[in-house]
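Hydrogens, waters and symmetry mates play no part in the numbers below; they use all other heavy atoms, side chains included. Proteins get letters first, then strands, A, B, ... in listed order; numbering begins at 1 in each.
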Amino acid sequence: MIEDKQSYLNDLNEAQEKPVLKINGPSMVIAGAGSGKTRVLTYKIVHLIKNGIDPFEILALTFTNKAAREMKSRISSMIGDGESKNIWMGTFHSVFAKILRFEAHKIGFTSDFTIYDVQDSERLISSIIKEMNLDKDSYRPKTIRNRISSLKNSFISVNAYFSNSDLTESDKLSKRPKTGDIYKEYSDRLVKSNSMDFDDLLLKTNELLNNFPEVLAKYQEKFKYILVDEYQDTNNSQYLIVKSLADKYQNICVVGDDAQSIYSFRGANINNIINFRNDYDDVEVYRLEQNYRSTKYIVNAANSVIDNNKNKIHKEVWTDNEFGDKIQITANPSDIAEARLISQKILNLIKSENNYKDFVVLYRTNAQSRVIEDSLRNSNIPYKIYGGVSFYNRKEIKDILAYLRLVVNNNDEESLKRIINYPPRGIGQVTINKIIIGSKNNNLSIYETIKSAKNLNLGLSNSSITKLENFINQIEVFKIQNKKLSAFEITDLVIKETKIIDELRKDESPESIARVENIQELLNGIRDFIDDQKEIADSKNNLSEFLSNVSLATDFDIDLKLSEDFVSLMSLHSSKGLEFKNVFIVGLEEDLFPSALSYNSRDDLEEERRLFYVGITRAKKNLYISYANSRYRWGKLISCEESRFIDEIDNDFIDFKDNNDFSVLQKKSKPSPFIKQKILRKGNFRHLSSVKSNSDFQTKVSVGDKVQHLKFGKGQVIRLEGDNDNVKAKIKFEKIGDKNLLLKFAKLKVL
DNA sequence: CCAATTACCCACATG
DNA sequence: GGGTAATTGG
Ligand SMILES: Nc1ncnc2c1ncn2[C@@H]1O[C@H](COP(=O)(O)OP(=O)(O)OP(=O)(O)O)[C@@H](O)[C@H]1O
């Protein structure tokens, strides 16, 4: 025992060792960037277990599923698989979703409840707004969803909202007096749908713990030791959950860095960490200030930036690592030039000691990824985008998932509406509206209403009723099959029976082909999931479990083959907690980073600065910062100014290069980048995993050629005019007659 | 009811 | 420039 202790404590410095050794009582670790807080948490859990604490009694809450997975596998490499599996570890959302499924019946749900994502919520809110006949300009679904979400994150129920005059008044002032009514209807509809949104996973957990003392007692006993990572980004609901669970034993350890609090937009409250000392008795506070990740130049640059913030806990982050290279800052004529420069840099550096995996490109807004992508693709550099529209949010995937969700939970309103007429079965908006009205009048779920449509006198035609019955029968068959089949088999059956792939194959566009491939990828994902689950003895590898997993998954949770080598692209927010040898931060421009929306308040601007700090401190060796003097926005060229944040980096730590000099550009690369731009912007199928170029299509045809066009079908070329780039062809199509087409745009195949 | 066309948002970040 | 909701003509 003693020898074991020695061996793992050797990996820690003195400051890290102290919080690890503290077993009982409340403690807080304030850790600078790269100072090893993940390491402290990992070793602390190991230390707890080595000291006889049952892994079943440890609850560790992380910020991402990936962080939990990595920590778990690190722990199991230290103490073995058997014990580490029993730790409750995951994000707040995934851990409490599990608990809510156990306790669902207590709060009026079944254990098969569906988890609504942001899109589902927005669609539901949108239909509620329509049903209430509210003005669609003052009641924009997105705005309302955000408002409701932030209410829920502050643990304000519908009733609490109505009895708080500050809240109701402020919504009246912003010309949205019906916000509360929408909130109420939205909540009711979620319950009726046996569904919860992301915020409910926390809100309902609080309700459960508050209203059922025996449940609270049970989980207080269960989780005698609680650890929370990234505590600076917890919101009020999360704070309350931790507080009630830890209240009895007070064995709570929170870890965080106030300088990295960047999620206030989803309710995170930096005061949770700042006031932690006051929440428990005799809080032990530890500080970690030695950075092990980055070079001196990087650490110093980060410090000089964060120095500009007023609201912070004082820290002195330092490192023993080498000075390394100065930070390179580059000014570029355009976003396209900026992107090209990154490709060039990567191609240069990859020759030496780097893999593609050593590079990340970070940006403020997901929309910036497109230009970077185009450039990387053009240089044949493999890349992967994280965030934005994630795999499981793609239309074709959500369509399939909607069928599965409906099979598991008939009351899932949004899934039903999504697929009741996809693929088309002749059930239109009029029919659906009648059903919604019928479901309200009879207080039934939509599915139940359709099921008994014949007897309810909803004013539907006989042919409509037949179509509805066929739909219901199909779902009922799936339900019966689902009892016998695995998640993989039922999905396969759904895809075959609904003929969704046939529907997609109707047109042969690269988009559709990619969609079919994505569906195949989904099936592979389910297979992998089942394989993983097999290891867990009492798991039934059923559909419900898979769906729950999917709802809480992000791009980071999709299994990668270890051999894959690619450059990562992600938002600065997504990069929290990660590290890369070489980091590019792009778009350091006023109004973009810092965002124009942050100028109103010091708090918002300081959060932008923290975001920059997070970005800088992701880098181990090299940091490249760049901006463009012009940029495309909504297809229009706008001019941009250098970001104020660049001035805030101490001059001693930077190397500045101006890439605006046209002669330099020309020397570096021929043909001139300005000619290539046009071509680069074409053929963008961004959201699709497998990107096919336009090269399948012909730009050289001759008079008399028989050709096939994607939309217009077969035809014959009867005349050509114009030169090189702008050849126009007159084509006689069999179906629609003569058409003039520009060859560079037309998707033609010569037959 | 459906497919094609038009209009209108949008891009601040996420589990 | 791109996705989705609304509109229109068949
Ligand atoms: N005592 C140590 N000796 C050597 N390397 C260490 C030590 N502690 C941590 N490291 C290394 O420093 C790096 C940063 O550690 P870690 O990711 O735990 O930091 P962090 O505090 O979570 O960072 P951040 O808050 O910036 O995400 C890792 O590569 C880790 O392996």
Rounded to whole angstroms, how far apart are CZ on A:Arg418 and C1' on C:dT4? 12 Å
Before you tell me yes or no, could you show the steps for A:Phe96 and A:Leu61 under side chain to side chain contact (heavy atoms under 4.5 Å, CB included), namely the whole-Å CA-CA distance, both residues' side-chain angles and the distance that decides it to 0.1 Å? CA-CA 10 Å; A:Phe96 295 110; A:Leu61 297 163; 4.2 Å; yes
Using a heavy-atom cut-off of under 4.0 Å over every strand shown, decide if A:Ser126 touches base, sugar-phosphate, or nothing. nothing
Counting only heavy atoms not in A:Gln119, do more than 12 fall under 6.0 Å of its CD? yes
Would you say A:Phe102 has more than 12 foreign heavy atoms packed within less than 6.0 Å of its CZ? no
Without decimals, in angstroms, what is the distance between A:Lys130 NZ and C:dT4 C1'? 11 Å
In whole Å, what is the span from the CD atom of A:Gln429 to the P atom of C:dA5? 11 Å
Atom CD of A:Gln119 and atom P of C:dG3 are separated, to the nearest Å, by 13 Å
Step by step, work out the salt bridge (charged side-chain N to carboxylate O under 4.0 Å, His left out) result for A:Glu338 and A:Arg631. CA-CA 10 Å; A:Glu338 182 185 44; A:Arg631 168 176 302 281; 3.2 Å; yes
Separation of B:dC2 P from A:Tyr422 OH (nearest whole Å): 14 Å
Whole angstrom value for the distance that separates C1' of B:dC1 from CG of A:Leu460: 14 Å
A:Asn421 has an atom CG; how far is it from atom C1' of B:dA3, in whole Å? 12 Å
Minimum heavy-atom separation for A:Glu396 and A:Arg515, please, with both atom names. OE1-NE, 3.0 Å
What closest approach, in Å, do A:Thr114 and A:Asn409 show between heavy atoms, and which atom pair accounts for it? OG1-ND2, 2.8 Å
Nucleotide by nucleotide, nucleotides 8-15 of chain B touches protein heavy atoms under 4.0 Å in the pattern (B base, S sugar-phosphate only, - none) --BBBBBB
